[in-house]
Amino acid sequence: MLEKTFNPKSVEPRLYAKWEASGAFAPKDDPGAQPYSIVIPPPNVTGSLHIGHALNNTLQDVLVRFQRMRGRAALWLPGTDHAGIATQMMVERQLAESGNMGRRDLGREAFVERVWEWKAKSGGTIVRQLRRLGASCDWSRERFTLDEGLSAAVRKVFVTLYKQGLIYRDKRLVNWQPELQTAVSDLEVVNLEVTGQMWRFRYPISGEPDRFIVVATTRPETMLGDTAVAVHPADERYKDLVGKQVRLPLVGRLIPIIADDYADPEKGTGAVKITPAHDFNDFRVGQRHGLEAINVFTPDARLNENAPEKYRGLDRFVARKKIVEDLEALGLFEGVDANRMTVPYDEKSKLVVIEPYLTDQWWVDAKTLAQPAIRAVEEGKTVFEPKSWERTYFDWMRNIEPWCVSRQLWWGHRIPAWYGPDGAIFVEETEAAALAAARAHYGRSETLTQDEDVLDTWFSSGLWPFSTLGWPEQTRDLERFYPTWDLVTSFDIIFFWVARMMMLGIHFMGEVPFRRVVINALIRDEQGQKMSKTKGNVVDPLDLIDEYGADALRFTMAAMSGQARDIRLSRERIEGYRNFGTKLWNAARFCQMNSCERVEGFDPATVRHVQNRWIRGELLKTSRAVTAALEAAACDEAAGALFRFVWNVFCDWHLELAKPLLVGDPAVAAETRATTAWVLDQILRLLHPIMPFMTEELWEKTAEAGPPRDSMLITAPWPDPPDSYADAAAEAEMTLVIAAIREGRSVRAELNVPPSARPPLIVTEAGERQRRILTQNAEAIRQMLRVEGLRFDGEASGAVPYVAEGASFALPVADFIDLAAERARLTKEVAALASDIDRTAKKLANPDFVARAPEEVVEENRERLSGAQEAKARLDAALERLGAVS
RNA sequence: GGGCGGCUAGCUCAGCUGGUCAGAGCGCCUGGUUUACACCCAGGAGGCCGGGGGUUCGAACCCCUCGCCGCCCACCA
C-alpha cells in the first residue's frame with residue numbers, strides 16, 4: 001500500500017542514484033537513434049545553485065528527458081566555468097581572511113596552485129546541487145573550461161584567429177578596473193546615473209593676455225592630460241580662436257584650439273577640453289587631429305609622472321578636489337553646476353569607477369566574425385524562442401565593437417603569445433612552437449617571455465558547444481551532437497555568451513552551434529525585486545527542495561517559464577504544485593486500493609463503456625497537447641495541460657464516476673480498472689519530464705501488480721496514442737453527463753452527501769422516456785454542444801446508461817439544457833454569421849477588390865462566404881428544431 | 001537619446017491568428033472530515049481587461065494617443 005503522502009526526502013536521492021548507476025543519463029549508443037543535445041550554460045565553479053539556475057536547468061532537464069523518452073540519443077552535457085575574475089577574487093579574499101600572503105607575494109605559480117586546490121576541495125558544490133534538482137546530465141562527459149582538452153581548444157582558436165588577422169594586439173583605450181588593475185570588456189561596465197558636478201574653467205589664450213576660453217568638464221583631474229580644446233566649426237563665438245593656442249593651466253603646456261563636430265555648441269560652454277588618453281570620445285577626436293595622448297594615471301588610478309609633481313601619487317578623486325582649488329586660487333574658476341550624468345562602474349561590484357585607460361591589449365575583430373553570425377539568424381539556421389529576442393541579438397551584433405579579450409589576471413587561459421628580445425610577437429599553440437618560430441625569425445635561438453595576461457572567461461565559454469565535444473579532435477561526439485539542438489539560457493547573457501558562441505562556432509565549425517535558443521526569464525522576489533545577496537531576498541532553491549520536494553519546485557519552474565521577462569516567485573505557488581503532486585499520488589493510491597492494475601495485453605482501443613472511451617480520448621488530447629508544447633519548448637503549456645488533465649479530468653470526473661462502475665457490472669468494472677490503470681500509466685510518462693521523482697516512484701510501485709516493467713520510467717517510451725482513440729460520440733455524451741451533474745441542483749445535492757451514505761449509481765438500461773427524449777432531440781443537442789458532424793445517437797450510444805432510471809444523476813434532457821439560453825446563443829451566432837456573410841459578399845462584389853487582391857485572398861473570401869452560408873443554414877435549421885423541443 | 005516588455009478579480013498570472021474570453025491558482029466567505037486526497041471536496045463573492053480616441057457587425061486582443069512601472073543599449077563635456 002502506498003503511503004499517505006509522497007516523501008521526497010527519502011525517494012529523491014535513492015532514485016537519482018539508481019538513474020545514474022543505470023547509465024540512463026548517457027545518450028544511448030544506437031546509431032539508428034536521432035541525436036539530441038544540449039550543452040549546459042556552465043555555471044561558475046565558485047557558485048552555488050540559485051533560483052535562476054533552478055529555472056534554467058529545470059527547463060533543460062524537461063527537454064532532455066522528453067527527447068530521451070522519445071527514443072532519441074539524448075545528451076545533456078554538463079560542466080563548469082572557471083570564471084576568471086570571480087574565482088580569483090574569491091581565493092584572494094580567502095587568503096586575506098586566513099592571514100596568508102597576498103597574491104603578489106605568493107607569486108603567480110603558487111597562487112594559481114592555490115586556486116586549483118580550492119577548486120578540488122569546493123568546486124563541486126553546484127554540480128552536487130544540480131543533482132538534487134534531478135538534472136539528468138551525463139556526468140561522464142562533465143567538462144571544465146580550464147581542463148586540458150578545453151585549454152587546447154582555446155589555444156588553437158587563439159592562434160588560428162591571430163594568424164587569420166582576426167586577433168591583434170593594439171594600444172587603445174580600454175575599460176580599466178583600477179582596483180583589480182585589469183582591462184574589462186564593454187559588457188562588464190555598467191553606466192549608472194548620478195548627480196555629479198560640471199565645472200567651468202578659464203584656459204588663457206596664448207599671446208592674448210586676459211583673454212580666455214571657458215571649458216566645461218565633469219572630470220577636472222584629467223585636464224592635466226589635455227592636448228587640445230575643441231569648438232564646433234560653425235560656432236560663431238569661437239570662430240576667431242580656432243587655430244590659436246591656449247596655455248594649459250597648472251601644466252603650462254601649449255595646446256591648440258581645434259574645430260571639430262564633436263564639440264556641441266549646446267553643451268556646457270560649447271568649448272570642450274580634449275584628453276585623448278582618458279576619454280573615449282576625446283580619443284577619437286585626438287586620432288582625427290593627430291593629437292598626442294598623454295596618460296596621467298597609474299594603473300591604480302593615481303596621478304603619474306606625467307602630472308606636475310605636486311599631484312603625483314594622489315588618488316584621482318583627491319586630485320580632482322585639489323585641482324579645482326588650485327584653479328580657483330589662480331582665478332581661473334568660472335563656476336560649477338550640479339549635473340545629471342552617467343558614470344561607468346564595475347558591473348560586478350557597482351562600486352569601482354571604471355577608467356578609460358590607454359594600454360596594450362589583445363583584441364578580437366568581432367565585426368568580421370559577427371557577419372556570418374548575423375546571417376545565420378536571418379536565415380533561420382538558429383532561431384530564438386521567443387523570437388522577439390532576435391532583435392536584441394541583431395541590434396548588438398550589427399553595432400559590435402572590437403572585443404578586448406586580455407585580462408591582467410592570473411586565473412585563466414594564459415595567452416599563447418611570446419615576445420622576443422626586440423618585442424617581436426610569436427603566437428603559437430606551444431612554447432616549443434614559439435621557440436621554433438623565433439629561431440626561424442632570428443636565425444638563432446632566443447629566449448622568449450610569454451605574455452603575462454590571461455583570456456577573458458567568455459573566450460573559452462564561447463567555444464563551449466564544440467570544445468566540450470572534443471574539438472579540435474574529430475570525435476564521434478562532435479560528429480553526432482554538433483550542432484547542438486537547443487540552448488537554454490537567460491536573456492542577460494545573450495551578448496556575453498550566445499553571441500560569442502555564434503561567432504566562434506560558425507567560424508571554426510562552419511555550422512551554427514545550436515539550432516534553437518530558448519530564452520528564459522529572470523526570477524525576482526515576490527515584490528518584483530531582483531534577488532541579490534545584499535538585499536537579502538535570495539530564495540535558496542535547495543531550501544525549497546527541502547521543504548516541498550524537487551518535483552514541486554520543478555513543476556513551478558516549468559509552469560512559470562512562459563513569462564518572457566520577469567517571474568515573481570511565491571511560496572504559495574510552489575505549495576500549490578506540491579499539492580498537485582499529492583493529488584496525483586492519491587489518485588494512484590485510489591487506483592491501488594481499487595485494484596486498478598495494469599493488465600497484460602490490454603488494448604485501450606477495445607474498451608466499450610462510454611466513460612472509458614471518453615477518458616481514453618481525453619488522454620489522447622492531453623498527450624497531443626503536451627507533446628506539441630514540449631516540442632515548442634513551451635514547458636508552461638505542457639505543465640498547464642497536465643495539471644488540468646490530472647486534476648480536473650482524471651481525478652474530478654473519471655475517478656469519481658468510476659466509483660459506481662467499480663462496484664457494478666463485473667465486466668464494466670474490470671474494463672474500467674484496466675483503463676484507469678492504463679491512463680495512470682500514461683500520466684506518469686507524460687509527467688515524468690517535469691516531475692521525474694514522483695512519477696518514477698509511482699512507476700516502481702505500480703510495477704508490483706500486473707505484468708513486469710521493461711525499464712525504468714526515465715527510459716520508458718513516450719506515449720503516442722493513435723488518433724483512433726478519439727471518440728466523438730463518447731465525448732459528446734460525457735459532456736452531457738458532466739453538464740448534467742454540474743448544472744443539476746438535485747444531482748449536486750446527491751453528490752454532496754458523504755460517500756458512505758451515497759447511494760450507488762446504478763447502471764441499467766434507459767427508461768423509455770429518456771430514450772425517446774434523447775432520440776428526438778439528438779440533432780438539437782448536437783448543435784447545442786457544437787459537436788459538428790458527430791454520430792450522436794441516443795439509442796446506440798453509451799449515454800443511455802447514464803440517463804438510466806434510478807441513477808441519482810439521471811435527468812431528462814430538457815432539465816439540464818437551458819433551452820432559452822441555447823436559443824439566445826444560437827441566435828447570436830446566426831446574427832454573427834449573417835454579418836460575416838454580408839461583409840464578405842460585399843467585398844466580393846467590389847470589382848476593385850476582385851481585380852487587385854491576390855488570387856488566393858479572393859479565393860479565401862469565396863470559401864469563407866460559402867462556409868459561412870452553409871454554417872448559417874445549419875444553425876437556422878438547428879434553431880428551428882430547437883423551437884420544437886419541449 | 002534609441003529599443004523592448006508590462007499594466008486583466010485582493011495577490012500572482014493565463015487568455016496563442018479579433019467572435020463561449022471575462023478565466024486559473026492563491027487569498028476571502030459558506031457548507032462538508034468515519035477508507036484516494038483537508039496538501040481535500042462542493043459552492044460563493046469579487047474585474048467599465050491602465051485612461052481616451054479610432055477601425056469593425058463585433059476589441060482584453062488591431063491602430064493612434066496619453067499615463068504610470070520595469071528592463072536593455074548609448075560616447076554626451
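Values in this document were obtained by computation on a predicted structure and should not be read as measured data. Naming: A, B, ... by sequence-line order, numbering from 1 per chain.
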Q: C1' atom, B:G15 versus B:G23: distance in rounded Å?
A: 7 Å

Q: On RNA chain B, check which nucleotide each of A:Lys273 and A:Val189 is closest to and give me the residue with the more 5' one.
A: A:Val189

Q: Under 4.0 angstrom, heavy atoms only, what part of the nucleic acid is A:Cys651 near: base, sugar-phosphate, or nothing?
A: base

Q: Between A:Asp636 (CG) and B:G25 (P), how many Å, whole number?
A: 17 Å

Q: Write down the distance between CG (A:Asp186) and P (B:C73), rounded to a whole number of angstrom.
A: 11 Å

Q: What is the pairing partner of B:G67, taking Watson-Crick or G-U wobble pairs with both distances under 3.5 Å in any strand?
A: B:C7

Q: Side chain of A:Asn191, heavy atoms from C-beta onward: which of B:C41, B:A36, B:C75 has the nearest atom to it?
A: B:C75

Q: Can A:Lys273 and A:Asp282 be counted as an ion pair, charged N to O under 4.0 angstrom?
A: no

Q: First locate atom CZ of A:Arg316, then atom CD of A:Glu221, and finally report the distance between them rounded to the nearest 0.5 Å.
A: 8.5 Å

Q: May I ask you to check whether A:Phe212 and A:Tyr203 place their ring centres under 6.0 Å from each other?
A: no

Q: Minimum heavy-atom separation for A:Trp403 to A:Ser185, with atom names?
A: CD1-CB, 4.4 Å

Q: Under 3.5 Å for both donor-acceptor distances, Watson-Crick or wobble: does B:A77 have a partner, and if so which one?
A: none

Q: If I pick the C1' atom on B:G50 and the same atom on B:G5, what distance separates them, to the nearest angstrom?
A: 15 Å

Q: Scan A:Gly270 against the nucleic acid and name what it touches under 4.0 Å (heavy atoms): base, sugar-phosphate only, or nothing.
A: base

Q: Among the nucleotides B:C72, B:A77, B:C41, which one has an atom lying closest to any side-chain atom of A:Phe495?
A: B:C72

Q: Have a look at A:Ala230 and say if it touches a base, only the backbone sugar-phosphate, or nothing, with a 4.0 Å heavy-atom cut-off.
A: nothing

Q: Can you measure A:Asp395 atom CG to B:G1 atom P for me and round it to whole angstrom units?
A: 18 Å

Q: Using whole Å, what does the distance between atom P of nucleotide B:C72 and atom CG of A:Asp492 come to?
A: 9 Å

Q: Could you go through A:Glu355 and A:Arg219, starting from their C-alpha distance and side-chain angles, then the distance that decides it, and tell me whether this counts as salt bridge (charged side-chain N to carboxylate O under 4.0 Å, His left out)?
A: CA-CA 11 Å; A:Glu355 197 66 51; A:Arg219 301 206 55 194; 2.6 Å; yes

Q: Is B:G58 paired to anything, Watson-Crick or G-U wobble with both distances less than 3.5 Å, and if yes, which nucleotide?
A: none

Q: Determine the Euclidean distance between corresponding P atoms of B:A45 and B:G10; express it in Å to zero decimal places.
A: 15 Å

Q: Mapping A:Asp264 and A:Ala588 onto RNA chain B by nearest heavy atom, which one lands closer to the 5' end?
A: A:Ala588

Q: Could you identify the nucleotide paired to B:A24, looking across every strand shown and requiring Watson-Crick or G-U wobble geometry with both distances under 3.5 Å?
A: B:U12

Q: To the nearest Å, how far apart are A:Asp337 CG and B:A77 C1'?
A: 13 Å

Q: A:Glu597: what forms a salt bridge (Lys or Arg N to Asp or Glu O under 4.0 Å) with it, not counting sequence neighbours?
A: none

Q: Quote, to the nearest angstrom, the C1' distance that separates B:C26 from B:C66.
A: 34 Å

Q: Does a side-chain heavy-atom distance below 4.5 Å link A:Arg172 with A:Phe283?
A: yes

Q: Roughly how far apart, to the nearest Å, are B:G31 and B:A22 at atom P?
A: 32 Å

Q: Would you indicate which nucleotide in B:U12, B:A77, B:G3 comes nearest to any side-chain atom of A:Arg391?
A: B:G3

Q: Can you tell me how far C1' in B:C41 sits from the matching atom in B:U55, rounded to whole Å?
A: 48 Å

Q: Aromatic contact between A:Trp389 and A:Phe384, with the criterion being ring centroids under 6.0 Å apart: yes or no?
A: no

Q: Determine the interatomic distance between P on B:C63 and the same-named atom on B:G19; round to the nearest Å.
A: 15 Å

Q: Take atom CZ of A:Arg398 and atom C1' of B:G3, then tell me their distance rounded to the nearest Å.
A: 14 Å

Q: Give none if B:U33 has no partner; otherwise give the nucleotide forming a Watson-Crick or G-U wobble pair with it, both distances under 3.5 Å.
A: none

Q: In terms of ring plane angle, is the pair A:Tyr577 and A:Phe643 parallel, tilted or perpendicular, where the classes change at 30° and 60°?
A: perpendicular

Q: Within this structure, what is the CZ-to-P distance between A:Arg288 and B:C75, rounded to whole angstrom?
A: 15 Å

Q: Tabulated below should be each protein N or O lying under 3.5 Å from an N or O of nucleotides 37-39 of chain B; please produce it.
A:
from: B:C37; atom 1: O4'; to: A:Asn586; atom 2: OD1; distance (Å): 3.0
from: B:C37; atom 1: O4'; to: A:Asn586; atom 2: ND2; distance (Å): 3.4
from: B:C37; atom 1: O2; to: A:Lys583; atom 2: NZ; distance (Å): 2.8
from: B:C37; atom 1: N3; to: A:Lys583; atom 2: NZ; distance (Å): 3.0
from: B:C39; atom 1: O4'; to: A:Asn579; atom 2: OD1; distance (Å): 3.0
from: B:C39; atom 1: O2; to: A:Arg578; atom 2: NE; distance (Å): 2.8
from: B:C39; atom 1: O2; to: A:Asn579; atom 2: OD1; distance (Å): 3.2
from: B:C39; atom 1: O2; to: A:Thr582; atom 2: OG1; distance (Å): 2.5

Q: Taking atom C1' of B:G23 as reference, at what distance in whole Å does atom CZ of A:Phe643 sit?
A: 14 Å

Q: How far does the P atom of B:G54 sit from the matching atom of B:G2, given to the nearest Å?
A: 29 Å

Q: Should B:A38 form a Watson-Crick or G-U wobble pair with both distances under 3.5 Å, which nucleotide is its partner?
A: none

